[in-house]
Amino acid sequence: MGNLRFTEWQRLPISLTELCINTTLRCGQSFRWRKSGDDEWSCALHGRILSLRQDAEFLHYRAIFPSKPNHLLPSPPPSATPSAAESPSPEDDDTPALIEHYFNLRPNLGQLYEEWAAADTNFKEKAPKFTGVRILKQDAWEALVGFICSSNNNIARISQMVEKLCTNYGPLIGHLGKTPYHDFPPASALTDAKVEQQLRQLGFGYRAKYLYQTALMVSDKGEAWLDGLRNPESPVLGAEPCSGGQFTDGGREGYRTAHEELLALQGVGPKVADCVCLMGLGWGEAVPVDTHVWQIAQRDYKFGKGKHSSLTKATYDAVANKFRGLWGKEAGWAHSVLFTADLKTFSERLVAKVGVKEETIEVKVEQEDVGIISKTEEKVASKKVKREAEDEHQAVEAQGRTTKRTRRSRAR
DNA sequence: AGATACCCTGATGT
DNA sequence: AACATCAGGGTAT
C-alpha cells in the first residue's frame with residue numbers, strides 16, 4: 001500500500017430523479033457499497049476504489065488506482081494491461097464510462113416513472129417518495145453470488161457475507177483510511193475443495209455448499225458462459241448493443257432462456273434467477289417475486305385468493321406476468337421501486353412519526369433513518385434528535401424534491 | 001401442490 | 001442477566 005494513484009474529484013451532471021445513490025445503493029440490489037465518510041459511498045470496482053457523493057445537480061466521483069498492476073488481480077495477458085504506472089490524465093480516465101455503465105444511466109428514468117404511473121395508480125401513489133431508484137448493471141457473477149446468499153436472509157447479513165467473500169478470496173485494491181477494499185473474487189477463486197468448509201467457518205451456513213458448487217459449475221462452463229446469457233441490448237462494458245427480441249408478458253425469449261439456464265445452478269431458484277437476470281444480465285422484464293413482492297401483490301394487486309392463494313411456481317409466474325403486462329419491458333425496474341418502498345429501512349418516508357410531545361417533534365420526519373436511529377440509540381438512548389446532522393444525504397435528497405413536500409414534512 | 005429442514009445473526013420478548 | 005423465539009429478498013428434497 002502507499003503506492004496509490006489518486007484522481008481528483010470530478011463530477012457528472014445528473015438529477016436526483018434520474019439517480020439517487022442514497023436509495024439505489026441501499027435498496028438491496030448491491031451488497032458491497034460502504035459509507036466511507038459523511039455523505040460519501042465507496043466500492044472497489046474494476047480494479048479501482050470508486051468513491052461517490054451526490055448533490056441536487058451532480059454526481060461527484062473519484063477513483064483511486066493501485067499504482068502498479070496488482071499481482072493478485074485475475075491476470076489478463078500483459079499486453080492488455082495498460083501501463084498503470086503512468087499518471088492518469090482526466091481525459092483518458094475510463095471512470096466516467098464505468099459509472100455510466102454500472103449505474104445504467106442510458107434509460108430516461110423520469111420518463112419511465114411517468115409511463116409506469118400512467119399505467120398503474122398504485123405505482124403513481126407510491127413512487128414519488130422513491131425517485132431515482134435505478135437498476136444497476138452489476139457484474140453477473142457477483143450478482144449471482146450475492147443473491148444466492150440472499151435466501152432466507154437479511155440485507156445486513158448478506159452484505160456481511162459478501163464482504164467476507166471479498167476479503168478472503170478477492171484481490172486487495174487499496175485502502176481508504178484504514179479500511180481495505182477488495183474487489184469481488186472470480187469464480188475460479190472459489191473452486192478449491194476446501195472452500196465449502198471455509199465458507200461454513202465464515203458463517204455462510206448452508207449457502208456454503210451452494211456457492212462452492214455454483215463456482216465449480218460456472219468455472220467449468222467457462223467464464224464467458226454467464227455473459228453469454230446477457231440481454232444483447234445491455235452488453236458488457238465496451239461492447240455494442242443490438243436488439244433483444246420481441247417482448248411478451250412472459251418476457252423475451254433470451255430472458256426465458258437465461259432464467260432457465262440459471263435454474264440449473266445450486267441454490268438458484270426462480271427468485272434468485274430473476275435477480276441475476278435483472279441486475280446482472282440486463283433483462284429489464286425480469287421480476288423477482290420475493291416475500292415483499294408477494295405481499296405487495298396481495299395487498300395492492302388482488303393476489304392471494306383462489307388459485308393463487310400461496311406462492312407456488314404457478315403463482316410466481318402469474319405475479320411476474322401481471323407486472324410485465326402492467327409495466328412493460330422494464331417491469332423489473334418498476335418492481336424495484338415498489339420493493340424499495342416496502343423496505344423497513346425506508347419506512348420512515350411513508351409515515352410521519354407520532355412524535356412524543358416535546359420540543360423534539362419539529363424534526364423533519366421524512367429525513368429519519370431507521371438504521372441510524374438504532375445506532376444512535378445504542379449510545380444515547382434519550383437524545384432522539386441528534387441524528388439530523390448525521391443524515392445529510394437524505395437532506396440532499398429532500399432538497400431535490402418540490403418545495404411542496406418539504407413543507408408537508410413539517411405537517412405533523 | 002404442500003410441508004420441512006436448512007445456517008446464522010440481531011432484535012425482541014420473557 | 002440469561003435464555004427463548006423469530007424474522008430475514010428462498011431453495012432443495
Side-chain angles (χ1 to χ4, degrees), chain A residues 23-33 130 133 135-136 138 142-165 195-214 217 259-260 262-280 286-299 304-320 323 332-347 370-378 381:
Chain A
T23 311
T24 299
L25 297 181
R26 293 197 301 153
C27 71
Q29 54 172 318
S30 62
F31 304 103
R32 233 149 44 80
W33 287 89
F130 297 90
V133 177
I135 295 295
L136 303 173
Q138 298 181 74
E142 177 176 347
L144 175 58
V145 169
F147 289 107
I148 285 177
C149 291
S150 77
S151 74
N152 203 349
N153 208 348
N154 56 69
I155 294 177
R157 183 154 83 115
I158 300 164
S159 303
Q160 181 183 304
M161 288 163 68
V162 168
E163 166 84 24
K164 283 180 178 170
L165 209 55
V195 167
E196 179 179 343
Q197 192 190 337
Q198 290 172 339
L199 291 179
R200 280 195 175 267
Q201 193 73 22
L202 290 170
F204 281 69
Y206 60 84
R207 303 170 195 83
K209 191 205 287 192
Y210 296 163
L211 291 182
Y212 170 62
Q213 296 191 350
T214 293
M217 291 186 74
H259 184 98
E260 187 182 342
L262 290 169
L263 289 181
L265 301 172
Q266 285 298 301
V268 179
K271 187 269 176 184
V272 170
D274 272 330
C275 286
V276 177
C277 283
L278 178 63
M279 298 155 196
V287 179
V289 181
D290 55 41
T291 56
H292 288 278
V293 176
W294 174 230
Q295 284 169 28
I296 291 169
Q298 293 174 90
R299 187 188 63 206
K305 296 165 194 160
K307 180 60 205 125
H308 298 134
S309 57
S310 69
L311 187 48
T312 63
K313 180 65 171 90
T315 303
Y316 185 105
D317 291 336
V319 171
F323 286 139
W333 291 54
H335 134 283
S336 190
V337 176
L338 294 191
F339 171 82
T340 302
D342 226 51
L343 281 180
K344 198 158 35 173
T345 312
F346 299 114
S347 61
V370 167
I372 288 174
I373 290 174
S374 54
K375 274 184 201 164
T376 304
E377 285 177 344
E378 279 180 62

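Residue numbering restarts at 1 for every chain, and letters A, B, ... go by the order of the sequence lines. Hydrogens, waters and symmetry mates are skipped; everything else that's a heavy atom, side chains included, is used.
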Within this structure, what is the OH-to-C1' distance between Tyr210(A) and dA5(B), rounded to whole angstrom? 10 Å
Which of these nucleotides, dG10(C), dA1(B), dG10(B), is closest to any side-chain atom of Asn152(A)? dG10(C)
Taking C-beta and beyond as the side chain, do Pro270(A) and Leu263(A) meet within less than 4.5 Å on heavy atoms? yes
Let's test this: given Watson-Crick or G-U wobble pairing with both distances under 3.5 Å, identify the partner of dG9(C). none
Considering every strand and a 4.0 Å limit on heavy-atom distances, what is the contact class for Leu263(A): base, sugar-phosphate, or nothing? nothing
For dC7(B), which nucleotide is its Watson-Crick or G-U wobble mate, given both distances must be under 3.5 Å? none
Atom NZ of Lys313(A) with >12 non-hydrogen neighbours under 6.0 angstrom: yes
Would the base of dG10(C) count as contacting Tyr316(A) through its side chain, where contact means a donor and an acceptor less than 3.5 Å apart? no
Rounded distance in Å between the P positions of dG9(C) and dA3(B): 23 Å
Separation of dA12(C) atom P from Gln266(A) atom CD, nearest Å, is 6 Å
Taken to the nearest whole Å, CG/Asp274(A) to P/dG10(C) is 13 Å
Between Ser151(A) and dG9(C), is there a contact of a side-chain N or O with OP1 or OP2 at under 4.0 Å? no
How many whole angstroms separate atom CH2 of Trp294(A) from atom C1' of dT11(C)? 18 Å
Whole Å only: how far is the CZ atom of Arg207(A) from the C1' atom of dC6(B)? 8 Å
So among Leu265(A), Val268(A), Leu262(A), which one has a side chain to side chain contact (heavy atoms under 4.5 Å, CB included) with Val276(A)? Leu262(A)
Tell me what Gln29(A) touches on the nucleic acid: a base, only sugar-phosphate, or nothing, going by heavy atoms under 4.0 Å. base
Tell me: NZ of Lys164(A) to P of dC7(B), nearest whole Å? 16 Å
Gln160(A), nearest nucleotide to its side chain (from dG10(C), dT9(B), dG9(C)): dT9(B)
Distance between P atoms of dT9(B) and dA12(C) (Å, rounded): 23 Å
Side-chain heavy atoms of Met161(A) within contact of Arg207(A), under 4.5 Å: yes
When Gly269(A) and Gln295(A) are each assigned the nearest nucleotide of DNA chain C, the 5'-most assignment goes to Gln295(A)
Taking any heavy-atom pair under 4.0 Å as a contact, classify Cys149(A): base, sugar-phosphate, or nothing. nothing
Atom pair distance, as rounded to whole Å: CG in Leu262(A) and P in dG10(C): 18 Å
On a whole-Å scale, what distance lies between the P atoms belonging to dA7(C) and dT4(B)? 15 Å
Minimum heavy-atom distance between Lys271(A) and Ser150(A), given as atom pair plus value: NZ-OG, 3.7 Å
Under the criteria of a ring-centre distance below 5.5 Å and an interplanar angle below 30°, is Phe147(A) stacked with the base of dG9(C)? no
Under 4.0 Å, heavy atoms only, any strand: does Arg200(A) hit a base, just the sugar-phosphate, or nothing? sugar-phosphate
Contact under 4.0 Å: Thr312(A) side-chain N or O vs dG2(B) OP1/OP2: no
Can you tell me how far P in dC6(C) sits from the matching atom in dA5(B), rounded to whole Å? 14 Å
Measure from the side-chain heavy atoms of Arg157(A) and tell me the nearest of dG8(C), dG9(C), dT11(C). dG8(C)
Leu202(A) CG to dC8(B) P, in whole Å, measures 11 Å
In this structure, is the centre-to-centre distance between the rings of Phe323(A) and His335(A) below 6.0 Å? no
